[in-house]
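Worksheet: the structure to be examined is printed underneath.
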Number of protein chains: 2
Amino acid sequence: MVDGTTGGEGLLFLTDEQLRKGIEAMFFAYRGFTADPDRILEGMDYGRAHHRAIHFIHRSPGTTVSNLLAILGVTKQSLNRVLRSLIEDGLVESRVGKADKRERHLYLTPKGAELERQLSDAQRARMRAAYRAAGPAAVQGFRTVLEAMMDPELRRQYQGLRDGNA
Amino acid sequence: MVDGTTGGEGLLFLTDEQLRKGIEAMFFAYRGFTADPDRILEGMDYGRAHHRAIHFIHRSPGTTVSNLLAILGVTKQSLNRVLRSLIEDGLVESRVGKADKRERHLYLTPKGAELERQLSDAQRARMRAAYRAAGPAAVQGFRTVLEAMMDPELRRQYQGLRDGNA
DNA sequence: CTTGGAAAGTCAACAAGGCTGACGTAAATT
DNA sequence: AATTTACGTCAGCCTTGTTGACTTTCCAAG
């Protein structure tokens, strides 16, 4: 179907074989991407789901449960299980909203921030090594392709995200 | 720690903020990456684990269970459950090895190949759209960074993999 | 020929982290 | 006053990962 010779110019990067390579690169790279935090989390009572919650609360302090739900793309029951344990263990604080008292605003406690730092240090270290090895131009391309792979809705989450916290 | 001003030249791509963006890009992009096959699989009795097995059997017909184990990075009990259902349903064929009769060589049946095609068509379509939108230079960078992110052992799996099927 | 160990398969039990459905409560909105 | 929204929770289920124990088959070394 895609023969790479259609245009005669440089469409060889769109062959099925090149696409397969890209697909496998995503698979193997994602394993590396999660490996370090996973290693830190194992042994604690937490897993990848906790890491994700902590990450996004750190990034958007005061975010609501609804916002988090939209970003993470899980059900509230699933998120609640994770959040409950984090709150019980004193890593996350849940404050009733001032303007709208139905909402819960989420913050990392100092203890939560400490774990966040530990996890993201590990993840950033790998990322930094990869970036450094690949160079700025490659990083630019990396980000461009990833962005193009996202669902449009998630792309908006990724780019903007200043909305919703009016 | 990383201030981006150290060299005076172009190290801004190594700031913590840039790294965080990269981390989130991986997170959101991976969701898109798996979304289409997941959608096809839901309703069938299969999941992402079945997809992965089918993909790598398609790519390396005649591969052994051990090889697959090494590539997928799961326990044999986990893989076995998946493989068993695929074999029972007639998507995968397991042939006793000629040279070493302990080994099982795995092949897709026509029915298995048909599902593989369906799944990878969907995944490739998204990949192709992303590649096309980003352009060849970006794709080059994308692959370079992903490769740098892999664990060394997995990078070897990714690159080589003509071995092991003596 | 015997035996050690590798490859594969199987059973049981368990955990994380998804899901649906149903229900409750408080607060905001209409 | 009625409805909708935001959140929490209980119960139950599924997929996919895990460990541990055990068996069968088979190759290869002693």
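Chain naming here is simple, since letters A, B, ... match the order of the sequence lines and numbering starts at 1 in each. Note that these values count all heavy atoms, side chains included, but never hydrogens, waters or copies made by symmetry.
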Atom-pair distance ([atom1] on [X]; [atom2] on [N]), nearest Å:
{"X": "Ile87(A)", "N": "dT9(D)", "atom1": "CD1", "atom2": "C1'", "answer": "13 Å"}
{"X": "Leu69(A)", "N": "dT5(D)", "atom1": "CG", "atom2": "P", "answer": "15 Å"}
{"X": "Asp100(B)", "N": "dG5(C)", "atom1": "CG", "atom2": "P", "answer": "17 Å"}
{"X": "Tyr30(B)", "N": "dG18(C)", "atom1": "OH", "atom2": "P", "answer": "14 Å"}
{"X": "Leu86(B)", "N": "dG9(C)", "atom1": "CG", "atom2": "C1'", "answer": "16 Å"}
{"X": "Arg104(B)", "N": "dT10(C)", "atom1": "CZ", "atom2": "C1'", "answer": "13 Å"}
{"X": "Lys101(B)", "N": "dT25(D)", "atom1": "NZ", "atom2": "P", "answer": "13 Å"}
{"X": "His105(B)", "N": "dC26(D)", "atom1": "NE2", "atom2": "C1'", "answer": "13 Å"}

Mind telling me whether Tyr46(A) and His50(A) have parallel, tilted or perpendicular rings, with 30° and 60° as the class edges? tilted
For the side chain of Lys21(B) and the backbone of Tyr158(A), is there at least one donor-acceptor N/O pair under 3.5 Å apart? yes
Report yes or no: does Arg126(B) contribute a side-chain atom to a donor-acceptor pair with the main-chain N or O of Met149(A) at less than 3.5 Å? yes
Scan Ala53(B) against the nucleic acid and name what it touches under 4.0 Å (heavy atoms): base, sugar-phosphate only, or nothing. nothing
Between dT25(D) and Arg102(B), counting only base atoms on the nucleotide and side-chain atoms on the residue, is there a donor-acceptor pair under 3.5 Å? no
Show me the protein contacts with nucleotides 16-19 of chain D, counting only N or O atoms at under 3.5 Å.
residue : atom : partner  : partner atom : Å
dT16(D) : OP1  : Arg48(B) : N            : 2.8
dT16(D) : OP1  : Ala49(B) : N            : 3.3
dT16(D) : OP2  : His50(B) : ND1          : 3.3
dG17(D) : OP1  : Arg52(B) : NH2          : 2.5
dG17(D) : N7   : Arg81(B) : NH2          : 2.4
dG17(D) : O6   : Arg81(B) : NH1          : 3.3
dT18(D) : OP2  : Thr75(B) : N            : 2.7
dT18(D) : OP2  : Thr75(B) : OG1          : 2.9

Could you grab the distance from atom OG1 of Thr64(A) to atom CG of Leu69(A), nearest 0.5 Å is fine? 8.5 Å
Neighbour count above 12 (heavy atom, 6.0 Å) for Gln118(B) CD: yes
Can you list the steps and then say if Arg31(A) with Asp38(A) is a salt bridge (Lys or Arg N to Asp or Glu O under 4.0 Å)? CA-CA 10 Å; Arg31(A) 290 253 297 273; Asp38(A) 281 0; over 6 Å; no
